[in-house]
Enquirer: 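First the structure, then my questions, so here it is.
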2 protein chains.
Amino acid sequence: MERKLDRTDIGILNALQKDCRISNKKLGLMLNKTQSPIQQRIQQMKGQGLIKRFSAILDPKLVGRGLIGYVQVNVEKHTEESLTAFMEEAAKLEEIMECYHMTGAIDFLLRIAIKDMDEYSRVLVKKLGNLPGVRQFTSFFVLSEIKSETAFVLK
Amino acid sequence: MERKLDRTDIGILNALQKDCRISNKKLGLMLNKTQSPIQQRIQQMKGQGLIKRFSAILDPKLVGRGLIGYVQVNVEKHTEESLTAFMEEAAKLEEIMECYHMTGAIDFLLRIAIKDMDEYSRVLVKKLGNLPGVRQFTSFFVLSEIKSETAFVLK
DNA sequence: GTTGAAAACGGAGCCTA
DNA sequence: TAGGCTCCGTTTTCAAC
């Protein structure tokens with residue numbers, strides 16, 4: 001089932017990362033193929049999990065989620081039970097866009113997307129504050145976005 | 001040109017964030033519309049910049065970018081010139097997926113996606129090390145991903 | 001690569017606020 | 001009467017063989 005990526009696959013992936021609503025036919029024209037092999041390859045790569053999903057990327061500001069915060073979390077105990085409890089609850093909160101278990105001095109790193117600082121205080125008290133086993137939060141906020149990319153440059 | 005989002009727009013956006021290769025016709029069926037108004041609304045929201053792009057989300061591990069690191073950066077000077085120089089150069093590096101100017105004790109936060117620790121040492125020395133005006137880097141690496149979401153839950 | 005089926009596109013006219 | 005909708009004919013794309 002595994003297939004090494006050839007030039008055509010890489011061309012497909014680079015194009016789909018930029019605009020995945022492009023038609024298979026246009027992809028074929030770019031890559032000197034007909035639409036059939038393009039279609040097959042996309043389905044295979046989707047099936048393999050190499051392509052996780054096709055997603056519309058929205059402008060956070062224009063949907064009322066313009067404030068991005070990073071929250072460093074340290075937990076009370078590092079038992080499996082305690083860590084698992086935290087992870088399960090964190091994953092449920094829709095304000096938390098990303099949650100990572102980290103190396104080093106921080107236990108978890110959260111990326112939150114919210115409307116504004118007023119909402120942050122609500123979220124901090126009512127939601128983050130109820131996550132189990134937390135010892136300490138340290139928050140940093142994004143002043144301005146310099147680069148935000150989802151596409152890898154494949155070669 | 002501005003249009004407030006109604007139920008239909010929100011339905012479209014929620015669906016497109018989950019799978020933007022869905023046909024306009026299916027969207028219409030879900031939302032009790034024909035494909036024409038669906039098509040129009042999507043084009044409008046794209047034109048407004050509310051939809052930034054349609055992107056294939058790949059599995060980082062399967063394209064050789066499975067190691068995620070967060071790098072906190074402090075700069076030497078906070079002059080406009082110095083900050084701008086850093087931002088311009090940082091944005092060019094393809095290992096840097098995200099770069100934010102931050103509030104508080106950190107000046108910039110970088111999210112890097114690379115193959116492994118060997119590559120990190122190369123990137124640190126050859127690329128990050130050449131960014132202008134840096135005083136200090138502090139790096140944290142992701143042990144495991146608990147949640148990674150690009151879609152906002154719109155209501 | 002070919003072909004039948006499906007979807008997207010674009011315009012005309014209608015309905016509603 | 002402007003905006004948004006449906007309807008429908010044409011063109012393009014899909015997907016199976």
Side-chain angles (χ1 to χ4, degrees), chain A residues 1-66 115 149-154, chain B residues 1-59 62-63 150-155:
Chain A
M1 216 72 241
E2 284 282 316
R3 199 165 31 71
K4 202 167 173 338
L5 300 179
D6 63 16
R7 288 284 106 206
T8 305
D9 293 318
I10 287 173
I12 291 171
L13 292 174
N14 281 328
L16 289 179
Q17 288 185 100
K18 287 201 188 72
D19 175 15
C20 67
R21 279 209 140 198
I22 188 175
S23 70
N24 296 346
K25 189 181 180 188
K26 275 190 190 158
L27 275 172
L29 285 175
M30 288 166 48
L31 301 165
N32 293 314
K33 293 270 183 302
T34 59
Q35 70 87 19
S36 302
I38 302 289
Q39 180 187 345
Q40 284 183 344
R41 285 163 186 258
I42 292 175
Q43 280 177 352
Q44 279 177 21
M45 292 191 286
K46 187 92 198 293
Q48 281 179 264
L50 202 150
I51 298 173
K52 287 166 72 176
R53 63 181 177 277
F54 296 106
S55 184
I57 308 295
L58 309 187
D59 185 322
K61 282 200 190 69
L62 297 183
V63 294
R65 305 285 290 272
K115 187 167 192 298
E149 189 54 73
T150 54
F152 302 110
V153 180
L154 304 182
Chain B
M1 216 70 245
E2 282 283 315
R3 200 163 35 68
K4 202 167 171 335
L5 299 178
D6 63 15
R7 289 283 105 206
T8 305
D9 293 318
I10 287 174
I12 292 172
L13 291 174
N14 280 330
L16 288 180
Q17 289 185 102
K18 288 203 189 70
D19 176 15
C20 67
R21 281 208 138 196
I22 188 176
S23 71
N24 296 347
K25 188 177 181 193
K26 274 189 191 159
L27 276 173
L29 286 175
M30 288 167 49
L31 301 165
N32 291 314
K33 295 268 184 298
T34 58
Q35 72 84 22
S36 300
I38 302 292
Q39 181 188 338
Q40 286 181 346
R41 284 162 184 259
I42 293 175
Q43 280 175 356
Q44 280 176 23
M45 292 191 286
K46 188 94 198 291
Q48 280 178 268
L50 201 150
I51 298 172
K52 288 166 73 176
R53 62 180 177 281
F54 296 106
S55 185
I57 308 295
L58 309 186
D59 186 321
L62 297 182
V63 293
T150 53
F152 302 109
V153 180
L154 303 182
K155 282 171 190 156

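Naming: A, B, ... by sequence-line order, numbering from 1 per chain. For the numbers below, each heavy atom of this structure counts, side chains included, while hydrogens, waters and symmetry mates do not.
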Enquirer: Between A/Ala56 and B/Cys20, which heavy-atom pair has the shortest distance, and what is it?
Expert: N-CB, 3.8 Å
Enquirer: Taking any atom closer than 4.0 angstrom to a non-hydrogen atom of chain A, what span of DNA chain C does the protein reach, first nucleotide to last?
Expert: C/dG1 to C/dT2
Enquirer: Using atom types as modelled and distance alone, determine if a side-chain donor or acceptor of B/Asp9 lies under 3.5 Å from a backbone N or O of B/Asp6.
Expert: yes
Enquirer: Got more than 12 heavy atoms from elsewhere within 6.0 Å of NZ, A/Lys115?
Expert: no
Enquirer: So, is A/Gln35 close to the D/dT13 phosphate, meaning a side-chain N or O under 4.0 Å from OP1 or OP2?
Expert: no
Enquirer: I need the CD-C1' distance between A/Gln43 and D/dC14, as an integer number of Å.
Expert: 10 Å
Enquirer: Test your reading of the model: is there a side-chain donor-acceptor pair from B/Ser55 to the backbone of A/Gln17, 3.5 Å cut-off?
Expert: yes
Enquirer: Looking at every heavy atom in both B/Ile42 and B/Phe54, which two are closest together, and how far apart are they?
Expert: CG2-CZ, 4.0 Å
Enquirer: Using whole Å, report how far NZ of B/Lys4 lies from P of D/dG3.
Expert: 19 Å
Enquirer: Between A/Pro37 and B/Ser36, which residue's closest nucleotide on DNA chain C lies nearer the 5′ terminus?
Expert: A/Pro37
Enquirer: Return the value, rounded to whole Å, for the distance between atom CD1 of B/Ile38 and atom C1' of D/dC5.
Expert: 11 Å
Enquirer: Please list every donor-acceptor pair under 3.5 Å in which a side-chain atom of residues 24-39 of chain A meets a protein atom from a residue at least two apart or in another chain.
Expert:
residue, atom, partner, partner atom, Å
A/Asn24, OD1, B/Arg21, NH2, 3.4

Enquirer: Does B/Arg41 make a side-chain N or O approach to OP1 or OP2 of D/dC5 shorter than 4.0 Å?
Expert: yes
Enquirer: Any residue in residues 18-33 of chain B with a heavy atom nearer than 4.0 angstrom to DNA chain D? Just list them by number, or reply none.
Expert: B/Lys33
Enquirer: Provide the closest heavy-atom pair for A/Leu13 versus A/Leu50 in the form atom of the first, atom of the second, distance.
Expert: CD1-CD2, 3.7 Å
Enquirer: Check for a donor-acceptor pair, side chain of A/Asp59 on one end and backbone N or O of B/Lys52 on the other, with a separation under 3.5 Å.
Expert: no
